[in-house]
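Have a look at the structure below before the remarks.
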Protein chains: 2
Amino acid sequence: MKNDLNDKQIQILEVAETLFAEKGFDGTSIRDISKVAKINVAMVSYYFGSKEKLLESLVLFKTSGLKERLVNLIEENLEPFEKVNKLIELYINRLNCNRGIYRILHFELSSKKKVLELESFLEIKKSNLKSLELIIKEGQAKGVFRKDVIIELLTPTILGTYFHFQMNKPFFEDILNLKTEEAYNNYVKTDLTKHIQQTIKALLIYEN
Amino acid sequence: MKNDLNDKQIQILEVAETLFAEKGFDGTSIRDISKVAKINVAMVSYYFGSKEKLLESLVLFKTSGLKERLVNLIEENLEPFEKVNKLIELYINRLNCNRGIYRILHFELSSKKKVLELESFLEIKKSNLKSLELIIKEGQAKGVFRKDVIIELLTPTILGTYFHFQMNKPFFEDILNLKTEEAYNNYVKTDLTKHIQQTIKALLIYEN
DNA sequence: GCCAAAATTAAACAACCGTTTAATTTAAAC
DNA sequence: GTTTAAATTAAACGGTTGTTTAATTTTGGC
């Protein structure tokens with residue numbers, strides 16, 4: 001898979017990310033993208049081949065780098081709980097920075113699965129799970145984490161909590177009285193992140 | 001809001017649910033629905049007015065009843081932890097029974113928000129949160145749950161974990177070696193449900 | 001300045017979209 | 001059996017979709 005994207009291609013991907021996040025993959029037309037990106041409709045086909053391939057490029061472009069950061073985190077000299085907390089922060093930061101990739105990752109990939117899910121993206125997920133596994137097993141070896149935790153179900157809780165919060169943004173803006181975009185993002189970075197960290201910590205030390 | 005749906009309308013809703021869950025709202029055409037349901041394309045407009053209104057009817061049709069069950073649960077004579085566990089079971093059962101409503105609730109409603117999110121569905125969510133709040137506060141009053149839990153963030157963890165697991169079905173089928181549909185559904189009903197129950201319980205008794 | 005490759009364009013393509021119309025069939029009431 | 005309303009149909013509507021074509025412009029090496 002080539003990674004040599006020129007400036008124009010990246011510009012198209014950025015616009016596509018915003019619009020896909022806003023209106024969904026099927027809800028966004030190539031003409032929508034080309035209008036916002038101020039390019040000709042044909043450019044998407046010219047650069048990416050098709051709309052589906054554009055999505056694939058976008059996902060690979062936006063998820064590259066996370067793997068390396070996770071591997072770096074593993075080798076850091078930190079307490080087990082600190083490592084888990086940093087991992088959670090890393091995930092949330094990563095998802096929160098990119099304008100709306102979380103919605104794409106979460107939804108579009110599971111309906112367009114024939115093309116995308118089974119290819120390279122499955123490998124990224126497996127690699128990330130492997131990193132988490134290493135961190136948890138390290139904590140277990142040190143006798144800090146309980147032994148019978150189902151590691152595969154930790155990511156659903158971490159990411160699922162985050163996704164569900166973002167997916168129901170209008171609802172939580174309302175009930176938590178988060179009036180500005182800044183207040184909302186701030187809540188995610190502080191309270192929500194802390195909630196997820198506490199949840200995972202509680203689960204890791206919990207004895208039945 | 002009228003609830004008097006005839007058999008034909010319900011039949012259309014069932015087909016729409018399956019297809020929306022499979023291919024998304026925008027990815028499903030009225031012609032797709034009419035083909036599977038073996039009706040004329042005009043029938044959707046005739047019965048529901050428009051495609052958007054069909055979605056609205058579907059959501060209301062499928063979410064009705066949960067509220068009553070939650071209220072019943074509150075008044076049952078159970079230990080606080082048992083009540084929380086039953087609530088989690090109730091949510092998962094409810095989502096698991098309906099073929100794919102979770103995807104619609106989770107995703108479509110947040111992009112079509114102008115029409116749906118702000119109307120009756122926000123009220124359903126608020127009502128369900130209120131029920132959860134009553135259960136948690138009862139447990140706190142009895143001194144079983146810790147006091148500083150953010151109740152609003154419990155639902156994201158409960159539902160988010162479930163949603164994330166379902167959204168990444170191909171991935172979890174693979175790594176958990178769940179080869180048949182039955183094995184997968186069984187895992188959801190036993191292991192995943194237990195994981196969520198344990199997570200919430202751990203969070204509710206966790207002391208910082 | 002010339003030329004080949006790359007980038008960009010407007011236009012056209014056929015296919016599909018949600019919705020409406022107007023005609024026909026079915027059902028029920030009297 | 002006639003009447004009236006509801007249900008169902010095929011066809012057409014104007015618009016949008018993703019993609020391709022063929023022509024034009026821009027670019028960079030010589």
Side-chain angles (χ1 to χ4, degrees), chain A residues 2-59 61 104 107-109 111-116 119, chain B residues 2-61 104 107-109 111-116:
Chain A
K2 281 188 227 166
N3 264 8
D4 48 346
L5 301 165
N6 62 42
D7 292 353
K8 199 123 248 174
Q9 283 175 295
I10 291 175
Q11 179 206 346
I12 295 172
L13 288 180
E14 299 287 3
V15 172
E17 181 185 10
T18 310
L19 293 183
F20 287 166
E22 221 169 274
K23 317 196 290 173
F25 178 77
D26 289 312
T28 305
S29 71
I30 295 187
R31 282 170 179 82
D32 291 337
I33 297 170
S34 66
K35 207 169 286 174
V36 176
K38 283 168 193 153
I39 51 151
N40 189 278
V41 270
M43 293 305 290
V44 170
S45 297
Y46 176 72
Y47 273 131
F48 298 98
S50 70
K51 196 187 171 189
E52 289 254 358
K53 291 219 186 105
L54 167 69
L55 176 59
E56 193 167 356
S57 290
L58 175 58
V59 170
F61 175 57
I104 299 160
F107 179 76
E108 303 296 357
L109 291 193
S111 44
K112 308 277 170 290
K113 59 189 160 200
K114 320 119 240 173
V115 193
L116 288 159
E119 274 182 37
Chain B
K2 281 188 228 166
N3 264 8
D4 48 347
L5 301 165
N6 63 41
D7 292 354
K8 199 123 249 174
Q9 284 175 295
I10 290 175
Q11 180 205 346
I12 295 172
L13 289 180
E14 299 286 2
V15 171
E17 181 185 10
T18 309
L19 294 183
F20 287 167
E22 219 170 274
K23 316 196 291 173
F25 179 77
D26 289 314
T28 305
S29 71
I30 293 185
R31 282 170 179 83
D32 291 337
I33 296 170
S34 67
K35 207 168 286 175
V36 176
K38 283 168 193 151
I39 52 151
N40 189 277
V41 270
M43 293 306 287
V44 171
S45 296
Y46 176 71
Y47 272 132
F48 299 98
S50 70
K51 196 186 171 190
E52 290 254 357
K53 288 213 187 115
L54 167 69
L55 177 59
E56 193 167 356
S57 289
L58 175 58
V59 170
L60 289 175
F61 175 56
I104 298 160
F107 179 76
E108 303 296 357
L109 291 192
S111 43
K112 307 276 169 292
K113 58 190 164 202
K114 318 120 238 171
V115 191
L116 288 160

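In this text the structure is predicted, and so the values were computed from the model without any measurement. Throughout, a chain's letter reflects where its sequence line sits, starting with A, and its residues are numbered from 1.
- The minimum heavy-atom distance between A:Ala16 and A:Leu58, with the atom names listed, is C-CD2, 4.4 Å.
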Which donor-acceptor pairs under 3.5 Å do the side chains of residues 5-12 of chain B make with protein atoms, sequence neighbours left out?
{"unit_1": "B:Asn6", "atom_1": "OD1", "unit_2": "B:Lys8", "atom_2": "N", "d": "3.0"}
{"unit_1": "B:Asn6", "atom_1": "OD1", "unit_2": "B:Gln9", "atom_2": "N", "d": "2.8"}
{"unit_1": "B:Asn6", "atom_1": "ND2", "unit_2": "B:Gln9", "atom_2": "OE1", "d": "3.4"}
{"unit_1": "B:Gln9", "atom_1": "OE1", "unit_2": "B:Asn6", "atom_2": "N", "d": "3.0"}
{"unit_1": "B:Gln11", "atom_1": "NE2", "unit_2": "B:Ala37", "atom_2": "O", "d": "2.8"}

Could you go through residues 39-51 of chain B and list every donor-acceptor pair under 3.5 Å that involves a side-chain atom there, pairing it with any protein atom two or more places apart or in another chain?
{"unit_1": "B:Asn40", "atom_1": "OD1", "unit_2": "B:Ala42", "atom_2": "N", "d": "2.9"}
{"unit_1": "B:Ser50", "atom_1": "OG", "unit_2": "B:Lys53", "atom_2": "N", "d": "3.2"}
{"unit_1": "B:Lys51", "atom_1": "NZ", "unit_2": "B:Phe25", "atom_2": "O", "d": "3.0"}
{"unit_1": "B:Lys51", "atom_1": "NZ", "unit_2": "B:Thr28", "atom_2": "O", "d": "2.7"}

Can you check side chain to side chain contact (heavy atoms under 4.5 Å, CB included) on B:Leu54 and B:Leu13, steps first, answer last?
CA-CA 8 Å; B:Leu54 167 69; B:Leu13 289 180; 3.5 Å; yes
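- When the P atom of D:dA6 is taken as reference, atom CG of B:Asn6 falls 13 Å away, rounded to whole Å.
- Qualifying side-chain hydrogen bond (donor to acceptor under 3.5 Å, both in side chains) partners for A:Ser29, counting only residues two or more places apart in sequence or in other chains: A:Asp32.
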Starting at the 5' end of nucleotides 23-28 of chain C, put B wherever the base has a protein heavy atom under 4.0 Å, S where only the sugar-phosphate does, and a dash everywhere else.
------
How would nucleotides 8-21 of chain C be written as a contact map, 5' to 3', with B for base contact, S for sugar-phosphate-only contact and - for no contact, using protein heavy atoms under 4.0 Å?
BBB-B----BBBB-
